[in-house]
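Quick one: the structure is below, and I'll ask about it shortly.
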Amino acid sequence: MKGFRRTHDCNTVTEETIGQEVTLMGWVLRRRDHGGLIFIDLRDRKGITQVVFAPEVDAESHEKAHRLRSEYVIAVRGKIRTRPDGMENPKLKTGMVELACEDLRILNTAATPPFPLDEEEEVAENLRLKYRYIDLRRPHMVENITLRHSVCQAMREFLNSNDFLEIETPMLTRSTPEGARDYLVPSRVNAGKFYALPQSPQIYKQILMIAGMERYYQIVRCFRDEDLRADRQPEFTQLDLEMSFIDEEQIMELMEGLISHVFNKTLGVELATPFERLTYQEAMERFGTDRPDVRFGMELVDISDIAAGCGLKVFQSITASGGIVKAINARGMADLSRKDLDVLTEFAQGLGAKGLAWVKVKEDGSWQSPIAKFFTNEEQQAIADRLGGEPGDIFFFGADTRATVFRVLGELRCKLARERNLIHERFRFVWVTDFPLVEYDEDEGRFTAMHHPFTAPAEEDLDLLETDPAAVRSRAYDIVLNGIEIGGGSIRIHQPAVQERVFRALSISDQEAQDKFGFLLEALGSGAPPHGGLAFGLDRLVMLMAGRDSIRDVIAFPKTQKAQCLMAHAPAEVSMAQLAELYLKPDWKKEK
RNA sequence: GGGGUCGUAGCUCAGUUUGGUUAGAGCGCUGGCCUGUCACGCCAGAGGUCGCGAGUUCGAGUCUCGUCGGCCCCGCCA
């Protein structure tokens, strides 16, 4: 590097730099060797600049440039000059100019890359993950990682200026009941005891409120030992925050400000506030899910009352046995072919439906459908009225238990919207509020917390805790973007007596509550302020902002579906000596 | 734990339906030529455990069974 000092980035040499002597450093993206004249596309984090090696400018570097190969690391010094007439490349930001090399230094050679760095071709993900350091050099990945950085910066800006303190909480903590499977860490100095990696800093941030910190945030890693998905990794990042002396209105308002600031600062997108709000009940009834995509209609409409009296036995028996019948109107989609409908039926069956009834509305308003004959004209009219049906529309029916109807029609409307390009908005947020406090867990035979056990019940429902827990609404709220849950939070319980009642409703014995959460109960009794907060899934948020389908594309070093790092080969075996130190005996065999 | 899908040259893929000559293409790679290219061009060349293992067959990239791995989904994820 002696004699070389980087003066510019590959995207900062422009018309304004013409005539200046600059030094660039970066990687060889491509070499175009004309024998007498050699062109290099030089790439760094910021962009691409064309470098020309000409013997009349510098014979020695021209000679050396013959040896350059893809991904060699080089430093070049020379003057920026305009390209000859007609030789400009409009595809490059620096395409009007080029660097005429007067001095070339090869800083490092490189093996031929295992896959091309240009983005024309999709590369198998296992290769990308094995050679992540190559994958991350690709401009698209640089953009994603850079966006993630900018999002974090904008979040900190906003929260810092709103009087929040950034405070770290322990990674080595204790396992608590409820929730996901924990990642465990054995303790060397406490034989037979284990730390757990945090699923979220939930209790610690509440303790910080009790400790009088008033406003806390942290961009923090969380760990859950559950199976992976495109939007789920075993370790993921949250923007976690908590505030004292507030209610849900103030939190939602502040969070809308935060999100607006982030989108404005990083993408230049102006979001309209306040965001739309739905209660859990509404979201389920109208969209079939608690994370509705509200960018398009096709809402679920209940027709159980009409179905109960119709001539179709299936509809009758389902409504009679406590199930429901709902329908969606796929406007203008009556052109779906028999084969399309078979595919959709299969899709519905895959989600647990027994079948998928449909009705096409013909020009004269009459029904074309295998089930048309089971409905009187009046019933047909009533259904069409309720769905706003017009010629060219097709109705789809879901008849089953509530949960199945919601799932099937909810997924179906999203699938149809995607396939028929009904989604035009880039970003649409919605709050979902008034979640049930608890839900019944068939396997465990008890109620479990829908959000977490520290969520405050709605005050007017408090007295139902002992009589009808399922009817108690919570003070929890989720924030949903484009049909994906990107955050959630709640007002917390700040009175020990209420916390104890909730534990009881969850069938957590006083003994267990004392063992596992005694310190929290004690802390609540020490003068806990009313408080609440929220956590954003940073990976999901950035994924949506970057327009990607998987959070792996916005995480520098993600894991595969089997929770392995293909680059570092984690997890890996350890020595017997290491195990012995931790008092672990590896004599468990996975049963075949 | 379950369902689906993919695995052929360094990369992206064709070939598998209907088993049959020496397994192909584009890109990349190597060497040569080339002073205005930018997905440079031209010439020549190298490169294969058809994921792995059994089986069926005269013969398997192709059929069967098993297995490993990537991805998507269900369960799971307060």
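Note that these values count all heavy atoms, side chains included, but never hydrogens, waters or copies made by symmetry. Residue numbers start from 1 in every chain, and the chains themselves are labelled A, B, ... in the order their sequence lines are given, proteins ahead of strands.
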Regarding A/Arg552, tell me which of base, sugar-phosphate or nothing describes its non-hydrogen contacts under 4.0 Å with the strands shown.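 Touches sugar-phosphate only.
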RNA chain B: 5'-proximal contact among A/Lys559 and A/Arg540 (nearest heavy atom):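 It is A/Lys559, whose closest nucleotide lies nearer the 5' terminus.
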Among the candidates B/C29, B/G70, B/C77, find the nucleotide nearest to the side-chain atoms of A/Thr112.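 Selected nucleotide: B/C29.
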Taking everything shown except A/Glu15 itself, do over 12 heavy atoms lie less than 6.0 Å from its CD? yes
How many whole angstroms separate atom CD of A/Glu442 from atom P of B/C76? 11 Å
Scan every strand shown for a Watson-Crick or G-U wobble partner of B/U64, both distances under 3.5 Å, and answer none if you come up empty.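 B/A54 - that is the nucleotide pairing with B/U64, both distances being under 3.5 Å.
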A/Asp549, CG atom: more than 12 neighbouring heavy atoms under 6.0 Å: no
Nearest of B/C76, B/C72, B/U30 to any side-chain atom of A/Ala230?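 Looking only at side-chain atoms, A/Ala230 lies closest to B/C72.
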Take atom NE2 of A/His62 and atom P of B/U35, then tell me their distance rounded to the nearest Å. 8 Å
Base, sugar-phosphate, or nothing for A/Pro84, non-hydrogen atoms under 4.0 angstrom?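 A/Pro84: base contact, heavy atoms under 4.0 Å.
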Starting from the 5' end of RNA chain B, give me the residue, A/Gln199 or A/Ala563, whose nearest nucleotide shows up first.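 Whichever sits nearer the 5' end wins; that is A/Ala563.
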More than 12 non-hydrogen atoms from neighbouring residues, nucleotides or ligands closer than 6.0 Å to CD on A/Glu56, yes or no?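 Enclosed: over 12 neighbouring heavy atoms sit under 6.0 Å from CD of A/Glu56.
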Suppose you measure atom C1' in B/G10 against the same atom in B/U30; what distance do you get, rounded to whole Å?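 My reading of the C1' atoms in B/G10 and B/U30 gives 13 Å.
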Would you tell me if any nitrogen or oxygen in the side chain of A/Arg32 comes within less than 4.0 Å of OP1 or OP2 on B/U37? no
Heavy atoms only, 4.0 Å cut-off, all strands: where does A/Thr448 land among base, sugar-phosphate and nothing?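 If one applies the 4.0 Å heavy-atom cut-off, A/Thr448 turns out to touch nothing in the nucleic acid.
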Is it the case that B/C76 (base atoms only) and A/Arg232 (side chain only) share a donor and an acceptor within less than 3.5 Å, ignoring hydrogens and angles?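 When only heavy-atom distances are counted, A/Arg232 does reach the base of B/C76 through a donor-acceptor pair under 3.5 Å.
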Tell me, yes or no, whether the heavy-atom count around A/Glu60 atom CD, taken from other residues, nucleotides or ligands under 6.0 Å, exceeds 12.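 Not more than 12 within 6.0 Å, no.
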Selection from B/C72, B/G28, B/C38 that lies nearest to any side-chain heavy atom of A/Met87: B/C38
Looking at B/G45, which nucleotide sits across from it as a Watson-Crick or G-U wobble partner, both distances under 3.5 angstrom, or is there none? B/C29
When only distance counts, do a donor and an acceptor, one from the side chain of A/Arg224 and one from the base of B/C76, lie under 3.5 Å apart? no
How long is the straight-line distance from CE of A/Met543 back to CG of A/Leu481, given to the nearest 0.5 Å? 9.0 Å
Under 4.0 angstrom, heavy atoms only, what part of the nucleic acid is A/Ser200 near: base, sugar-phosphate, or nothing?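 Base, at least one base atom sits under 4.0 Å.
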A/Arg229 CZ to B/C76 C1', straight-line distance once rounded to whole Å: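 Checked: the CZ to C1' distance equals 7 Å.
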P atoms of B/G41 and B/G28, separation to the nearest Å: 7 Å
Calculate the interatomic distance between A/Ile134 atom CD1 and B/G10 atom P; express it in whole Å.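 Value for this atom pair: 17 Å.
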What does A/Glu98 touch in the nucleic acid at a heavy-atom separation under 4.0 angstrom: a base, only the sugar-phosphate, or nothing?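 Base contact.
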Please determine if a side-chain N or O atom of A/Lys130 lies less than 4.0 Å away from the OP1 or OP2 oxygen of B/G70. no
Considering only the P atoms, how many Å lie between B/U62 and B/U17, rounded to the nearest integer?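 Looking at atom P only, B/U62 and B/U17 are 9 Å apart.
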What's the NZ-P distance between A/Lys562 and B/G1, to the nearest Å?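 Atom-to-atom, A/Lys562 to B/G1, this comes out as 9 Å.
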Pick the P atom in B/C29 and in B/A54, then give their distance to the nearest Å.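 Per the computed distance, 37 Å lies between those P atoms.
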A/Lys64 NZ: over 12 foreign heavy atoms closer than 6.0 Å: yes
Counting any heavy atom closer than 4.0 Å, what does A/Leu127 reach on the DNA or RNA strands: base, sugar-phosphate only, or nothing? sugar-phosphate
Which part of the nucleic acid does A/Asp118 contact within heavy-atom distance under 4.0 Å: base, sugar-phosphate only, or nothing? nothing
A/Ile508 CD1 to A/Phe503 CZ distance, which is reported to the nearest 0.5 Å: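 Reported to 0.5 Å precision, the distance equals 5.5 Å.
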Ignoring the backbone of A/Leu566, work out which of B/G70, B/U37, B/C11 is nearest its side chain.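 Nearest listed nucleotide: B/G70.
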Residue A/Arg45 excluded, over 12 heavy atoms near CZ under 6.0 Å: no
Candidate nucleotides B/C77, B/U37, B/G70, ranked by approach to the side chain of A/Ala180 - the nearest: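 Nucleotide nearest to A/Ala180's side chain: B/C77.
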A/Glu88 near the nucleic acid: base, sugar-phosphate alone, or nothing, with a heavy-atom cut-off under 4.0 Å? base
Quick one: do A/Glu485 and A/Val432 satisfy side chain to side chain contact (heavy atoms under 4.5 Å, CB included)? Show the steps, please. CA-CA 10 Å; A/Glu485 183 201 325; A/Val432 180; over 6 Å; no
Measuring only the C1' atom in each nucleotide, how far is B/G19 from B/A9? A whole number of Å is fine.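 Straight-line distance between the two C1' atoms is 23 Å.
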With C1' as the reference atom in both, quote the distance from B/U67 to B/C73 in angstrom, rounded to an integer.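 Each nucleotide's C1' atom is 23 Å from the other's.
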Atom CZ of residue position A/Arg291 - does it have more than 12 heavy atoms of other residues, nucleotides or ligands inside 6.0 Å?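 Not buried by this count: 12 neighbours or fewer within 6.0 Å.
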Provide, to the nearest angstrom, the distance between the CG atom belonging to A/Asn89 and the P atom belonging to B/A39.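 A/Asn89 atom CG is separated from B/A39 atom P by 6 Å.
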Measure CG/A/Asp443 against P/B/C76 and give the value in whole Å, please.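 Whole-Å distance recorded here is 7 Å.
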Looking at the base of B/G36, is there any donor atom on it, or on the side chain of A/Arg81, that sits under 3.5 Å from an acceptor on the other one?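 Yes, a donor-acceptor pair under 3.5 Å.
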From the list B/G70, B/C11, B/C72, which nucleotide is the closest neighbour of the side chain of A/Gln561?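 Looking only at side-chain atoms, A/Gln561 lies closest to B/C72.
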So is the aromatic ring of A/His34 stacked onto the base of B/U37, judging by whether the centres are under 5.5 Å apart and the planes are under 30° apart?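 No, the aromatic ring of A/His34 does not stack with the base.
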Which nucleotide, in any strand shown, forms a Watson-Crick or G-U wobble pair with B/C77, with both distances under 3.5 Å?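 Paired with no nucleotide.
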Identified pairing partner of B/C71, criterion: Watson-Crick or G-U wobble below 3.5 Å: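 Base-paired to B/G4.
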Check whether the aromatic ring of A/Phe115 stacks on the base of B/C11, taking stacking as ring centres less than 5.5 Å apart and planes within 30° of each other. no
So does A/Arg30 get a side-chain nitrogen or oxygen closer than 4.0 Å to the phosphate oxygens (OP1/OP2) of B/C40? yes
Given B/U35, B/G70, B/C72, identify the nucleotide with an atom nearest to the side chain of A/Glu56.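 It is B/U35.
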Nearest-neighbour nucleotide for the A/Gln50 side chain, B/C77, B/C72, B/G36 considered: B/G36
Between A/Arg69 and B/U30, is there a contact of a side-chain N or O with OP1 or OP2 at under 4.0 Å? yes
What's the gap between B/C68 and B/G53 when it is taken at their C1' atoms, as a whole Å value? 10 Å
Quick one: A/Leu117 CG to B/G10 P, roughly how many Å, whole number?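 Computing the A/Leu117:CG to B/G10:P distance gives 18 Å.
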Can you check the distance between B/G24 and B/C50, where both ends of the measurement are the P atom (answer in whole Å)? 14 Å
